[in-house]
Protein chains: 2
Amino acid sequence: MATAEILSIGTELLLGHVLDTNSQFLAQELAGLGINCFFRSTVGDNKVRIRTAVNTALQRSDILITTGGLGPTADDLTTECLAEIFNVPLDFDQSVLDQIESFFKAAGQSMPASNRKQALRPQGAEMLPNPNGTAPGIIWRLGEILLKNQGLLPAPKFILTFPGVPSELEAMWTETARPFLQKTFGRQTIWSCRLKHYGIGESALAQKYAHLLDLANPTVAPYAGYGECRLTVTGSAENETAAKAIAKPVIDEILQTSGALCYGFDDDTLESVLGKLLIAQHKTLSVAESCTGGLVSKRLTDIAGSSEYIKLNVVTYSNEAKADILAIPEEVLLNHGAVSSECAEAMAKGILNRASTDISLSITGIAGPGGGNIEKPVGLVYIGLATADQYKSIELRLPSHLSRDTIRQRSASAAINAVRLFLLEDCN
Amino acid sequence: MATAEILSIGTELLLGHVLDTNSQFLAQELAGLGINCFFRSTVGDNKVRIRTAVNTALQRSDILITTGGLGPTADDLTTECLAEIFNVPLDFDQSVLDQIESFFKAAGQSMPASNRKQALRPQGAEMLPNPNGTAPGIIWRLGEILLKNQGLLPAPKFILTFPGVPSELEAMWTETARPFLQKTFGRQTIWSCRLKHYGIGESALAQKYAHLLDLANPTVAPYAGYGECRLTVTGSAENETAAKAIAKPVIDEILQTSGALCYGFDDDTLESVLGKLLIAQHKTLSVAESCTGGLVSKRLTDIAGSSEYIKLNVVTYSNEAKADILAIPEEVLLNHGAVSSECAEAMAKGILNRASTDISLSITGIAGPGGGNIEKPVGLVYIGLATADQYKSIELRLPSHLSRDTIRQRSASAAINAVRLFLLEDCN
């Protein structure tokens with residue numbers, strides 16, 4: 001199996017001025033081609049460090065993919081560095097210069113002299129055309145390579161260079177580099193599926209599926225982050241159909257065992273899955289929020305087409321608004337307070353009537369950092385779910401030291417998941 | 001000047017499942033401390049490659065910062081790898097385990113046995129506490145180090161480990177790691193101030209302040225990302241007072257020139273600045289949203305203490321809800337449609353009455369990807385702002401190819417900024 005590595009070149013990356021999204025794009029693409037990527041690195045616009053990084057990469061990988069350093073200015077060093085490292089002259093390509101000049105002409109500008117260097121490439125390298133910009137890259141097949149301190153490396157090695165601008169890189173990849181790599185190295189195809197879970201932590205999930213985590217093909221890896229928890233199942237075979245077939249029995253086992261804990265696949269979110277359930281069951285939903293301040297509504301309407309099932313949501317932050325819009329009885333607020341299961345129930349029933357929907361959701365709590373006390377600490381959240389003939393409630397007690405943002409996000413997820421589970425039960 | 005490098009550990013990163021935002025955060029922070037960062041790398045959850053990467057890093061840098069691999073599962077290898085590399089035993093820390101257990105207890109769960117490994121650390125390393133999660137890191141001062149093939153390295157070297165979850169990493173950095181590095185390596189004190197701008201793009205901002213961008217001390221750097229645009233002014237001197245004094249004249253010049261284009265400093269957001277203005281002017285605000293679906297309300301209530309000025313917000317997604325809650329005249333919806341300046345005006349006036357606030361904001365538009373036509377394309381957004389005796393409106397025409405999320409975020413920012421500018425004018 002071929003191995004590639006990604007070298008991002010640019011001082012702006014090391015200063016944190018720019019977020020390196022190219023490396024993620026390339027990593028995903030390489031995985032899709034079945035090319036192993038074991039290392040990624042970043043160096044600045046510095047010849048010594050670029051040389052070191054290139055040498056190290058070629059010693060351990062078959063393919064080196066660089067991003068950045070192809071621009072017209074003095075700190076764009078990639079092309080000339082590569083020529084120096086392998087001790088070959090730079091060839092000038094008139095057809096590339098013509099393209100760069102026409103690129104400027106089309107924009108009604110004349111080409112600055114500094115762009116001339118973008119028409120240079122190391123002798124022996126092929127051009128990697130850039131349809132969206134002035135900086136073409138190279139595809140360079142290196143035969144016998146003598147690297148300082150590392151002797152003669154097994155041939156062939158490949159170097160592909162890309163500019164740092166993501167839209168240019170992505171077009172060059174898709175049009176030229178990917179087909180080239182597929183043709184040259186494509187043997188195994190990798191197919192991955194992420195099984196998204198809610199209501200179970202990463203370690204509990206890993207424990208539950210400990211017997212799968214050491215499989216070689218498919219592989220199963222647990223991951224947690226950004227309030228989600230998932231298992232990634234990856235199969236590898238000669239083509240996608242075969243790779244899927246290898247992954248399928250394990251996916252089926254996880255779906256069977258996890259049941260409702262697994263809410264979806266890949267890019268599914270709790271709210272996108274809930275949206276599909278609401279549409280399938282022809283039901284509408286309304287939300288009355290207090291502590292989450294609109295976050296539940298925002299997440300529900302992140303989904304294109306959510307106007308099918310969302311008609312009216314309200315953020316009743318003050319007691320007056322709760323009384324006015326949701327007709328919360330005064331005695332509920334007086335005797336139990338706005339953060340109480342009684343208030344959550346009145347809010348859910350109030351918005352159900354007000355919005356005339358099939359289901360309603362309410363959420364009231366203390367998101368902090370202020371506003372808590374011993375009886376009702378920061379992190380205490382009540383969620384209510386009402387239909388014409390049912391009412392369910394949830395009490396969350398999140399750790400008080402969590403940030404306001406985390407408490408709001410977790411409360412919103414719990415609320416959205418509650419509706420999902422309700423609809424799942426309802427249809428069973 | 002001390003040098004640091006960042007090693008991100010995680011197969012998820014090499015497969016492109018996760019975008020590495022931690023490296024950018026750490027790079028910015030290191031630059032702010034005046035610590036050079038010449039290399040960043042990424043390896044997977046693999047002992048051999050982690051070992052190689054750690055060895056390489058310690059050979060060329062004084063400080064190694066790792067992210068990831070501190071979780072409870074078998075593929076979280078960072079801590080045990082480090083102990084193996086330097087041939088020291090792992091010590092068990094009961095106080096860390098107590099904290100992890102109480103973290104689970106607070107969430108009403110019992111701790112899985114696998115979390116026990118998070119209470120281990122290499123003998124001689126100090127704990128780097130994690131206030132937001134179960135995975136603490138370490139701060140390890142290494143004396144004489146014998147590395148395979150590299151002989152004895154000049155001491156001391158430092159290793160700091162962080163989990164991969166950004167919110168946990170950032171809290172650990174700010175509370176413990178940054179003060180530690182500042183104390184240990186800070187010779188020159190670096191003081192930075194970010195001047196946040198809205199209503200001007202990065203290149204226009206860079207052009208406006210071109211004469212400042214080549215200064216040596218203070219430095220001025222433009223940056224754009226995540227819908228914000230800013231100039232970072234950084235002064236360097238023997239102490240903070242002197243560093244601030246060096247930066248001050250340039251900051252004053254920018255504030256003078258930018259005027260209301262500069263809305264705040266450092267961690268200020270449009271909504272936090274607006275919150276301060278509302279409190280200072282003893283005014284309340286209510287919002288009626290359509291296309292943003294609760295996002296404006298969510299952002300306004302992200303601010304702790306926002307219940308001082310937010311009483312009631314509504315998301316009137318359907319025409320029925322607009323008519324019922326906001327008393328939008330039927331002829332407005334019939335003749336002009338829900339996405340029209342007339343509807344925005346009726347919504348703003350409707351919520352002003354309904355919520356009895358000093359100022360109201362409305363927003364209606366087409367967030368896409370569907371629902372647009374030639375007359376009213378995706379990206380068309382109307383914003384209304386009403387008080388008892390004034391009404392202002394804004395029409396946005398955002399590019400139709402933008403994502404639903406981007407259109408909603410930009411619209412929300414424009415709406416919040418409109419209220420900010422209104423309050424600024426009002427007090428002049």
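Sequence lines set the chain letters: A, B, ... in the order given, protein chains first and strands last, and positions in each chain run from 1.
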From CA spacing to verdict: side-chain contact (heavy atoms from CB on, under 4.5 Å), A:N55, A:Q59: CA-CA 6 Å; A:N55 283 355; A:Q59 193 183 17; over 6 Å; no
Selection from A:D302, A:L402, A:N46 maximising heavy-atom pairs under 4.5 Å formed with chain B: A:D302
Backbone of B:N36 reached by a side-chain donor or acceptor of B:T3 within 3.5 Å: no
Interchain contact, A:A355 with chain B, by part (heavy-atom threshold 4.5 Å): neither
Chain B contacts, top residue of A:L30, A:D405, A:I325 (heavy-atom pairs, under 4.5 Å): A:I325
Contacting moiety of A:D324, where chain B heavy atoms sit under 4.5 Å: both
Selection from B:S167, B:S356, B:G71, B:S306 maximising heavy-atom pairs under 4.5 Å formed with chain A: B:S306
Toward chain B, the part of A:L213 with a non-hydrogen atom under 4.5 Å: neither
Heavy-atom donor-acceptor pair, B:K117 side chain to B:D76 backbone, under 3.5 Å: yes
Side chain / backbone / both / neither for B:I303 at chain A, heavy atoms under 4.5 Å: backbone
Pick from A:A206, A:A288, A:S23, A:S307 with the largest number of heavy-atom pairs that fall under 4.5 Å of chain B: A:S307
Salt bridge flag under 4.0 Å for residues A:E289 and A:R408: no
Pair A:I351-A:L326, side-chain contact (heavy atoms from CB on, under 4.5 Å): steps then yes or no: CA-CA 6 Å; A:I351 188 68; A:L326 302 175; 3.8 Å; yes
Heavy-atom pair count under 4.5 Å with chain A, highest-scoring of B:C291, B:G294, B:G133, B:P369: B:G294
Neighbour count >12 (heavy atoms, 6.0 Å) for atom NZ, B:K47: yes
Parallel, tilted or perpendicular: rings of A:W173 and A:F25 (30°, 60°): perpendicular
Heavy-atom pair count under 4.5 Å with chain B, highest-scoring of A:R354, A:R194, A:E5, A:Q207: A:R354
A:I407, part contacting chain B, at a heavy-atom distance under 4.5 Å: neither
Derivation of the side-chain hydrogen bond (donor to acceptor under 3.5 Å, both in side chains) call for B:S192 and B:T234: CA-CA 4 Å; B:S192 269; B:T234 305; 2.7 Å; yes
Chi angles and distances behind the side-chain hydrogen bond (donor to acceptor under 3.5 Å, both in side chains) call for A:Q409, A:R299: CA-CA 10 Å; A:Q409 287 289 357; A:R299 284 177 55 178; 3.3 Å; yes
Contact winner vs chain B - A:S290, A:P222, A:G370, heavy-atom pairs under 4.5 Å: A:P222
Interchain contact, A:V18 with chain B, by part (heavy-atom threshold 4.5 Å): backbone
Heavy-atom donor-acceptor pair, B:T301 side chain to B:K298 backbone, under 3.5 Å: yes
Contact leader toward chain B among A:T232, A:D214, A:L26, A:L398, where contacts are heavy-atom pairs under 4.5 Å: A:T232
Cation-pi geometry met for B:R60 and B:F39 (6.0 Å, 45°): yes
Largest heavy-atom contact set with chain A, pairs under 4.5 Å, which of B:A74, B:P72, B:S297: B:S297
Atom group of B:S102 that falls short of 4.5 Å from chain A, counting heavy atoms: neither
Donor-acceptor pair, side chain of A:K196 and main chain of A:D266, under 3.5 angstrom: yes
Which atoms of B:D75 approach chain A - backbone, side chain, both or neither, heavy atom under 4.5 Å: side chain
Structural part of B:A304 lying under 4.5 Å from a heavy atom of chain A: both
Selection from B:V314, B:N313, B:D45 maximising heavy-atom pairs under 4.5 Å formed with chain A: B:N313
Test log, rule side-chain hydrogen bond (donor to acceptor under 3.5 Å, both in side chains), inputs B:S8 and B:D20: CA-CA 8 Å; B:S8 312; B:D20 184 2; 2.8 Å; yes
Options B:G44, B:A367, B:P131, ranked by heavy-atom pairs under 4.5 Å with chain A, top entry: B:P131
Region of A:T292 in contact with chain B, defined by heavy-atom distances below 4.5 Å: backbone
